[in-house]
Amino acid sequence: MNILFTICGRAGSKGFKNKNLKMFLGVPLVYYSIAAIALYIEKNSKGNDFDIVLNTDSKELIDIVLQQSDVSVEVIYRDATLGGDEVPKIAVIKNCLLKMEERKGTDYDLVVDLDITSPLRTISDLQNAIGKKISRRDTDVVFSVTEARRNPYFNMVKKDGRYFSKALSSEYTARQQVPKFYDMNASIYVYDIGALKNKEPKIFFNDKCDVIFMKDTGILDIDSEEDFQLMQVVAGYLFQNNVDFQDIYQKGKELCV
């Protein structure tokens with residue numbers, strides 16, 4: 001099986017400036033994604049071929065990734081047409097696939113995207129996601145989720161003119177009554193090649209999806225300075241007390257040497 005791993009990050013960030021360039025507990029944030037991929041490859045090298053590509057318009061991010069020499073990472077310098085705030089990430093990942101197919105002369109079986117700003121994942125999470133996509137050939141994508149702490153039927157609200165109301169109108173009176181919802185935790189996505197090439201990006205996640213569940217307390221997508229600070233507290237605890245998270249952290253530190 002031929003698997004393409006993608007790591008995508010734009011220069012700058014309106015919500016949290018230069019978040020992709022941050023050091024996270026002494027390790028470059030992007031190294032956590034590289035470390036997870038490297039450990040997965042070590043455990044699954046038999047009968048499989050892998051490529052890793054960074055897609056970015058940030059020269060600083062390229063420098064950080066290429067400073068480590070343990071893991072081979074290809075680089076695609078992002079075209080300006082894919083750099084805007086409103087460009088769906090699916091379009092960038094599709095661009096990775098098409099360019100790497102041409103560069104390597106390879107037909108890939110899967111594309112696996114790891115988000116830079118969700119560093120707390122384990123090898124088991126990655127294996128579960130890829131394994132589920134292989135077993136669910138009818139899906140367009142398998143992605144990671146956690147159980148939602150809020151529910152739009154019960155304890156989420158929206159602004160409606162001068163007032164606020166429940167996000168979804170209902171007569172439910174207890175959380176136990178409402179349909180189950182889950183948070184997309186922006187960590188792992190495993191894409192079908194045909195769907196990635198042909199499905200409309202704006203509706204990609206509207207149907208034919210499946211999920212894996214990840215540890216809730218270990219996941220917080222970094223979109224602000226407050227997220228970053230809190231995530232480091234959570235990560236510090238997990239790196240000390242959970243061997244699965246320790247493996248990624250240790251590999252990340254090795255990449256710094």
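Start at 1 with the first residue, then count along the sequence. Because the structure is a prediction, the values reported are computed rather than measured.
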*Which heavy-atom pair separates A148 from D183 by the least distance, and what is that distance?*
CA-OD2, 3.5 Å

*Calculate, to the nearest 0.5 Å, the distance between atoms CD1 and CZ belonging to I90 and F204 respectively.*
5.0 Å

*Does any non-hydrogen side-chain atom of L54 lie less than 4.5 Å from one of I62?*
yes

*Return the minimal non-hydrogen interatomic distance between M184 and V145, and the atom names on each side.*
CA-CG1, 4.2 Å

*Can any side-chain N or O of Q229 pair as donor or acceptor with the backbone N or O of E226 at less than 3.5 Å?*
no

*More than 12 heavy atoms from other groups under 6.0 Å of CZ on R103*: yes

*asked:* Quick check on the 6.0 Å ring-centre criterion: do Y249 and F239 meet it?
replied: yes

_Would you say I123 ends up clustered with V30 if hydrophobic residues are merged whenever their side chains have heavy atoms under 4.5 Å apart, either directly or through other cluster members?_
yes

*Examine the side chains of T6 and D113 and answer whether a donor and an acceptor come within less than 3.5 Å of each other.*
yes

_Heavy-atom closest contact (Y237 atom, N241 atom, distance)_ = O-ND2, 2.8 Å

*Could you pull out the closest heavy-atom pair between S45 and F50, with the gap in Å?*
CA-CE1, 4.0 Å

*asked:* Evaluate E42 against K251 for salt bridge (Lys or Arg N to Asp or Glu O under 4.0 Å), listing each step before the verdict.
replied: CA-CA 12 Å; E42 288 177 13; K251 185 64 177 179; 3.3 Å; yes

_Tell me whether K253 at atom NZ has more than 12 heavy atoms from other residues, nucleotides or ligands lying less than 6.0 Å away._
yes

*Hey, does E200 have a side-chain heavy atom less than 4.5 Å from the side chain of I203?*
yes

*L255 side chain reached by I34 side chain, heavy atoms, under 4.5 Å*: yes

*For residues F24 and Y31, establish whether the separation of their ring centroids is below 6.0 Å.*
no

*Assert yes or no for the condition that the ring centre distance of Y172 to F154 is strictly below 6.0 Å.*
no

_Would a single hydrophobic cluster contain both L110 and L196, if residues Ile, Leu, Val, Met, Phe, Trp and Tyr are joined by side-chain heavy-atom contacts under 4.5 Å?_
no

*Is Y153 close to Q177 at the side-chain level, that is, under 4.5 Å between some pair of heavy atoms?*
no

_To the nearest 0.5 Å, what is the distance between CD1 on I7 and CD on E74?_
12.5 Å

*Would you find more than 12 non-hydrogen atoms of other residues, nucleotides or ligands less than 6.0 Å from D107 atom CG?*
no

*asked:* What I want to find out is whether D216 reaches R149 closely enough, with some N-O distance under 4.0 Å, to be called a salt bridge.
replied: yes

_A side-chain contact here means heavy atoms from C-beta on lying under 4.5 Å apart; do I3 and V112 qualify?_
yes

*NZ/NE/NH1/NH2 to OD/OE distance under 4.0 Å, E225 and K19*: no

*side-chain hydrogen bond (donor to acceptor under 3.5 Å, both in side chains) with R78: which of T56, N55, N95, D57?*
N55

*If every non-hydrogen atom of L25 is compared with every non-hydrogen atom of G236, which pair is closest and at what distance?*
CD1-N, 3.7 Å

_Is a donor from one side chain sitting under 3.5 angstrom from an acceptor on the other, for Y189 and D115?_
no

_Can you tell me if Y182 has over 12 outside heavy atoms packed within less than 6.0 Å of its OH?_
yes

*asked:* Can you confirm whether the side chains of R121 and S33 place a donor and an acceptor under 3.5 Å from each other?
replied: yes

_Between T139 (side chain only) and V142 (backbone N and O only), is there a donor and an acceptor less than 3.5 Å apart?_
no

*So, D207 and K199, do they make that salt bridge, N to O below 4.0 Å?*
yes

*Please lay out, stage by stage, how I193 and Y108 fare under the test side-chain contact (heavy atoms from CB on, under 4.5 Å).*
CA-CA 7 Å; I193 298 299; Y108 293 102; 4.1 Å; yes

_Run K197 and L97 through side-chain contact (heavy atoms from CB on, under 4.5 Å) and show every step you take._
CA-CA 8 Å; K197 288 183 176 180; L97 172 62; 3.8 Å; yes

_Hydrophobic clusters here meaning ILVMFWY residues chained together by side-chain heavy-atom distances under 4.5 Å, can you tell me if I76 and L82 are in one?_
no

*For I116 and C8, which heavy atoms make the closest approach, and how far apart are they?*
CD1-O, 3.7 Å

*Test item: D160 side-chain N/O and Y163 main-chain N/O as donor-acceptor pair under 3.5 Å*: no

_side-chain contact (heavy atoms from CB on, under 4.5 Å) evaluation trace for L4 with V53_ = CA-CA 8 Å; L4 176 63; V53 62; 3.9 Å; yes

*asked:* Is it the case that the side chain of K158 and the backbone of F164 share a donor-acceptor pair, with hydrogens and angles ignored and the cut-off at 3.5 Å?
replied: no

*Could you tell me whether a side-chain N or O of N44 sits under 3.5 Å from a main-chain N or O of I41, the two making a donor and an acceptor?*
no

*4.5 Å side-chain heavy-atom contact, I188 and M214*: yes

*Spatial distance of atom NZ (K166) from atom CD (E171) [nearest 0.5 Å]*: 8.0 Å

*If you round to the nearest 0.5 Å, how far is CG of L120 from CG of N242?*
10.0 Å

*Nearest 0.5 Å, what's the NZ-CD1 distance between K133 and I130?*
11.5 Å

*asked:* side-chain contact (heavy atoms from CB on, under 4.5 Å), that's the test. Do V111 and V190 meet it? Break it down for me.
replied: CA-CA 6 Å; V111 173; V190 186; over 6 Å; no

_If we count only N and O atoms by modelled type, under 3.5 Å, do the side chains of N185 and S144 hold a donor and an acceptor together?_
yes

*Are V73 and Y77 in one and the same hydrophobic cluster, where Ile, Leu, Val, Met, Phe, Trp and Tyr link if side-chain heavy atoms are under 4.5 Å apart?*
yes

*Given side chains that start at C-beta, do those of F245 and K215 come closer than 4.5 Å, heavy atoms only?*
yes

*Do S170 and V178 come close enough that some side-chain heavy atom pair is under 4.5 Å?*
no

_Would you say I212 ends up clustered with I248 if hydrophobic residues are merged whenever their side chains have heavy atoms under 4.5 Å apart, either directly or through other cluster members?_
yes

_Counting only heavy atoms from other residues, nucleotides and ligands, does the tally under 6.0 Å from CD of E102 exceed 12?_
no

*Between atom CD of Q232 and atom CE of M23, what is the distance when rounded to the nearest 0.5 Å?*
10.0 Å

